[in-house]
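Notes for the one structure printed next.
Letters go in sequence order (proteins before strands), and every chain restarts at 1. Note that the structure is a prediction, hence the values are computed from the model and not measured.
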Amino acid sequence: MRENNYTLEMKNIHKSFGGIHALIDVSLELRHGEILGLVGDNAAGKSTLMKILTGAYQANRGRIFFEGREVHITNPRVSRQVGIEMVYQDFELCPNLNVPANLFLGREITGNFFKALKNRQMENKAVEILGRLKIDIKNSKIKANRLSGGQQQALAIGKAVSFNPKVVIMDEPTASLAVMEIEKVIDLILRFKEQGISIILVTHRLDDIFKVSDRIFVLKHGRRVDVKETSQTNKDEIIKLMF
Amino acid sequence: MHVKKHNRQLTLSERREDFVKVGFLKSLLVHPEAGITIAVVILLIVFSVASPSFLTAYNIFNVARNVASYAFIAIAQALVIVGGGMNLSVGAIGGLAVVTTGYFIDVQGFSPAIAVIIALLVGLAAGAFNGVIITKIGINSFVATLATLFVFTGIVYGITKGYPYINIPKSFTIIGRKGIWGLPYLFWLMVVALGFIFYLFNFRRFGRWLLATGGSKEATRVSGVNVDRIILLSHVLSGLFAAIAGVLWVSRMGSAQPATGQDWLIISFAIAIIGGTALSGGSISALGLLMGSVIIVLIRNGLILLGVNIYFEQTYLGLIILLAVTVDRIRAFYYQRAGI
């Protein structure tokens, strides 16, 4: 057991694809209930680092500690079990499934009777979750491809946070949204922080980062450049670190 | 760029409002079962009026039997289409099952029950073989099952040398030829099978995950679902249903013909597509599969009753499939715009 100062710790992570070193000796610490902004130029290694957390990739070297305990995240299922959820840039919803089916995908509620799906119960819970998160979707039986971009993003976020995760990774959650929708998503993010969820926010939009984050983590060419307290830095400094 | 995207969303919802007003006719395009059910009713009326022998008990029995045979083939295809794949070897697996049944009854003298079990296992294995090639080696389902179509067909002809097995006991043909309550046993078996499909996709995790895989493989994978396993299983099930269709075919024909299954491929696609199993994956409907089977059989049956030159049958079938695919395209187009 290690000292339990952080919700999540990645230590000396290396990842290469063939001869290309995507991540070189990267260590990342995420405190309890903080919002950590993760920034970097294209190909800085942000996605790779996050995909190692979600189990989509495995690091070549390095260790991951979750609440002080070492974890081996070998696939997305393990990541979820540990308590890490990810919200993807392109929402990652199933367009052909309705709202409850998307919310509960991969962890459907089943009954005692031959483990049949409890669709009614999932519908009710979905309505409850949407209500609790103040997500504006009136008809929960609607299929995901009928929702607006903002609604889809809200649903994707709802899917990630509705099962009491400890850590939520958000990859460009506002990238494809209109201005009004961005505000809503930012509100949503701040509400999760109040609930004690630690959040890693990956985004190009420094405005958003400065609005919500506690610290900013800068990656460049696969290396950790610096970590700054948001209150003690400014955009210019971060941009200088990034490029 | 982001602003553009937002505009698109707005226009979509505006169009959706337009659509709701347009209503009935176009909603048929959105709800495939509604449209196709009406088409079936119209066909029934046309054929009843045009041919006095259409509504006879004999013809109804015959039509119902054909519908059932086709429905099993269509289920075998739909099970993999729904996950975003296809199975070009449905007919070949059916042929394997037919020949296996015939071989073990006729040559080995096994009891039909044992022969049937072996045939179903062969179907399962063939489906699993497809599934393993697709998921473990990573070959797309079109190429993989195109190859196994030849592999399996070759096995069928290698074993039989083209000759049918004809020593099938009369008792074995009861299921394929007799019936109860005015309809063939095959028809009731189909009802059970379609009920199973309905249950599978509405009340089982596997069905939900297979639908999800057809909708977005990536979203399903990151939701913690083992997508490869789901696809593999869908091919196993597809093989099983193709084998069931084959076994029932033997029961119906009273012999095991090696050529069985050669025309299944096109029929399976036609029915699945007409029945609302979108080619792109992610949707399936038990009612649609039933109605799709009825339509194909009615058209084949009706053409014969109407005395049309039946040597053109393949042409008619091809045209029907083109029509179905076109309707599918139109439906997808409106579905994209509509909000139902």
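Within a 6.0 Å radius of CZ in B/Phe201, more than 12 heavy atoms belonging to other residues, nucleotides or ligands are found. For B/Ile137, the CD1 atom is densely surrounded, since the number of other residues' heavy atoms within 6.0 Å is greater than 12. Atom NZ of A/Lys193 is surrounded by more than 12 heavy atoms from other residues, nucleotides or ligands within 6.0 Å. The number of heavy atoms from other shown groups lying within 6.0 Å of NZ (B/Lys217) does not exceed 12. Heavy atoms from other residues, nucleotides or ligands lying under 6.0 Å from CD1 of B/Ile139 number more than 12. The neighbour count for B/Arg229 CZ, taken as heavy atoms of other residues, nucleotides or ligands under 6.0 Å away, does not exceed 12.
With rounding to the nearest 0.5 angstrom, the CZ atom of B/Arg205 is 9.5 Å from the CD1 atom of A/Ile109. Note that CH2 of B/Trp209 and CD of A/Glu108 are 5.5 Å apart. Values are rounded to the nearest 0.5 Å.
Contact of A/Thr110 with chain B is made through the side chain alone, with heavy-atom distances under 4.5 Å. Heavy atoms of A/Leu105 lying under 4.5 Å from chain B belong to its backbone as well as its side chain. Heavy atoms closer than 4.5 Å to chain B are found in both the backbone and the side chain of A/Ala101. Heavy atoms of A/Lys115 lying under 4.5 Å from chain B belong to its backbone as well as its side chain.
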Q. side-chain contact (heavy atoms from CB on, under 4.5 Å) between A/Glu92 and B/Ser223: does it pass, once the steps are laid out?
A. CA-CA 9 Å; A/Glu92 295 296 0; B/Ser223 298; over 6 Å; no

Q: Could you walk me through whether A/Phe114 and B/Arg204 pass side-chain contact (heavy atoms from CB on, under 4.5 Å), step by step?
A: CA-CA 9 Å; A/Phe114 288 120; B/Arg204 300 306 303 180; 3.8 Å; yes

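Residues A/Arg80 and B/Gly224 approach most closely at NH1-N, 4.3 Å, considering heavy atoms. Here the closest non-hydrogen pair linking A/Leu93 and B/Ser216 is O-CB, 3.8 Å. B/Tyr199 approaches A/Ala116 most closely through the heavy-atom pair OH-CB, 3.7 Å.
In this structure, A/Asn96 contributes its side chain and B/Leu211 its backbone to a donor-acceptor pair below 3.5 Å.
Side-chain contact, B/Arg208 with A/Asn119: a donor N or O sits under 3.5 Å from an acceptor N or O.
Ranked by heavy-atom pairs under 4.5 Å with chain A, the first of B/Val222, B/Asn226, B/Val225 is B/Val222.
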